[in-house]
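Keep in mind that what you see is a predicted model, and the values were worked out from it rather than measured. All chains are named by letter (A, B, ...) in the order of the sequence lines, taking the proteins before the strands, and each is independently numbered beginning at 1.
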2 protein chains.
Amino acid sequence: MREFKRRSRVLLIDDNADHLRGVKELITLESSYEVVATTTSANIGINLAKKYRPDIILMDINMPEKDGLQAIQDIEKLDMGIKIIALSGYDDADLIFRAMKIGAKGYVLKTMASAQLIYAMDEVASGKIYLPTALTSRFFEYFQRSFKEETTANNQENLLTYLTAREEEVLDLLTQGNNYKGIAGKLFISETTVKTHVNNIFQKLQVNDRTQAVLYALNNGFANRRHVKMAV
Amino acid sequence: MREFKRRSRVLLIDDNADHLRGVKELITLESSYEVVATTTSANIGINLAKKYRPDIILMDINMPEKDGLQAIQDIEKLDMGIKIIALSGYDDADLIFRAMKIGAKGYVLKTMASAQLIYAMDEVASGKIYLPTALTSRFFEYFQRSFKEETTANNQENLLTYLTAREEEVLDLLTQGNNYKGIAGKLFISETTVKTHVNNIFQKLQVNDRTQAVLYALNNGFANRRHVKMAV
DNA sequence: GATATTATCAATCCAAAGATGTAGGACAAA
DNA sequence: TTTGTCCTACATCTTTGGATTGATAATATC
């Protein structure tokens, strides 16, 4: 009961009307993709995405106005499974990183050969994520630098290592916003015991109160936050 | 005044003695790299790295015991510019992600062809970061999934938007671990005023105390943390 | 000009948090 | 056996934090 394989449908969003026309022509002539709509406005693009439900969106993102990134995020939030490829004139590492972070399935430079764009579309259409090799390198350098600065900045010893297992449990509950009563209830121990632990934690982490303890924990790799956290 | 290009020097670390011997032979026979030392122990490996200062380290990382990752991290901390390529039997996305996060310049599967390993060494030796295409895909899927879960989980409105400018200032100081007195001093206002602001913040963020307010702020994009933060 | 918002400050009261000292039992290492 | 660490628990006391109510002045907003 397979459907006939139909041509993948593409929506183009690019505030440069000339470039928009060029890309449309390119796709129409040199590929098997069907351009179902084009627009120079990010906002209209979002509506067109809802209306036409394309397989792929080619989204222009420019450096100065970062509407493109916002538009990607908005469309991703629709959760319609539309695959977005970012098209940009800039190979800026931060821009690449942000685009990938918010869910772009590809990132292609405008200066790249048309064959590369179509190849990217093929890869993305088949469910893969496509980044040209050069941009992948950029991405990883940026990615690793972000983490490196973090670990070298925190050059001092990690006071968290001095905590006992129980103290770590208590601290973990502190980093979830619990008060003494809450922690006592969750660990099935008395409130006074929790106080003892918390005071020991303060001593070991060299802080004065729970907020500072929580901040210390989060800033020094306490395995609490489940996932990535990074400013967009 | 260029130096003569010398053969890149390689250190092998692999707890499987057989595999270690195999890789050494492979490199010696099929490449121009010089194997300066080999060891089956991660700890000894770290000392050998200090002693021989190789250009590249091939580091075996196994899934169950994650000593390999720790060793990579330790060597990275030496900051000697040694390029580490992770060798693993597993194409586990999480493992790949962690290895790259802590600074591995490459990740190659043991099952891959020997040519691929040597190609990876060439790329890494020349300053690039090398991930086989298949693993790059794995990486990005994992990478994007991490962020996606985050954004879809935080689907609710961001209560931070209701804060006034002054309240944001106060919250910012809270997220730095200040108490009432500290905030009052820094903003040149009375402690009671700070209390008023803080209470308003609690109402708006729907939390009960400062720790929860701080956690809410950090978890909802309060532009405080400078960099990536993710469990290792 | 009236209204709403914001920032400032105060008094009061109660609850929670934090500091300090003490102590028993479990367990492991020396 | 002794020593040390850890987890547990309590008492006491001081300080800080949080809730509530009310008030004034400045600034927008309408």
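- Screening A:D14, A:I13, A:L87 for a side-chain contact (heavy atoms from CB on, under 4.5 Å) with A:L58, the sole residue that qualifies is A:L87.
- Taking 4.0 angstrom as the limit, A:T192 places a side-chain polar atom (N or O) nearer than this to OP1 or OP2 of D:dC10.
- A:N199 and A:Q203 form no side-chain donor-acceptor contact under 3.5 Å, judged by distance and modelled atom types alone.
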What pairs of nitrogen or oxygen atoms, one from the protein and one from nucleotides 18-24 of chain D, lie under 3.5 Å apart?
{"from": "D:dG18", "atom 1": "OP1", "to": "B:R210", "atom 2": "N", "distance (Å)": "2.9"}
{"from": "D:dG18", "atom 1": "OP2", "to": "B:Y180", "atom 2": "OH", "distance (Å)": "3.2"}
{"from": "D:dG18", "atom 1": "OP2", "to": "B:R210", "atom 2": "NE", "distance (Å)": "3.1"}
{"from": "D:dG18", "atom 1": "OP2", "to": "B:R210", "atom 2": "NH2", "distance (Å)": "3.2"}
{"from": "D:dG18", "atom 1": "N7", "to": "B:K195", "atom 2": "NZ", "distance (Å)": "3.4"}
{"from": "D:dG18", "atom 1": "O6", "to": "B:K195", "atom 2": "NZ", "distance (Å)": "3.1"}
{"from": "D:dA19", "atom 1": "OP2", "to": "B:N199", "atom 2": "OD1", "distance (Å)": "2.5"}

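- When rounded to the nearest whole Å, the span between CG of B:N200 and C1' of C:dT6 equals 10 Å.
- D:dG17 atom P lies 8 Å from atom CD1 of B:I183, rounded to whole Å.
- A side-chain donor-acceptor contact under 3.5 Å links A:T193 and A:S190.
- In this structure, the nucleotide among D:dG17, C:dA7, D:dC7 sitting nearest to the side chain of A:R166 is D:dC7.
- In summary, the aromatic rings of A:F143 and B:F97 are positioned with their centroids under 6.0 Å apart.
- Centroid-to-centroid, the aromatic rings of B:F139 and B:Y107 stay 6.0 Å apart or farther.
- Separating the CG atom of B:L187 from the C1' atom of C:dT6 is a distance of 15 Å, rounded to the nearest angstrom.
- Rounding to whole angstrom units, CD1 of residue A:I201 and C1' of C:dA19 are separated by 15 Å.
- Looking at heavy-atom distances under 4.0 Å, B:T193 makes contact with a base.
- Protein atom CG of A:N178 is 15 Å distant from nucleotide atom C1' of C:dA17, rounded to whole Å.
- Rounded to an integer number of Å, the gap from CZ of A:F188 to P of D:dC7 is 18 Å.
- None of B:L95, B:I84, B:D15 except one satisfies the side-chain contact (heavy atoms from CB on, under 4.5 Å) rule with B:I61; the exception is B:L95.
- Comparing A:I189 and A:K204, the nucleotide of DNA chain D nearest to each residue sits closer to the 5' end for A:K204.
- Partners of B:D209 by side-chain hydrogen bond (donor to acceptor under 3.5 Å, both in side chains), not counting sequence neighbours: none found.
- Straight-line distance from the CG atom of A:N179 to the C1' atom of C:dA15: 11 Å, rounded to whole Å.
- Distance B:E191 CD to C:dC9 P: 12 Å, rounded to the nearest Å.
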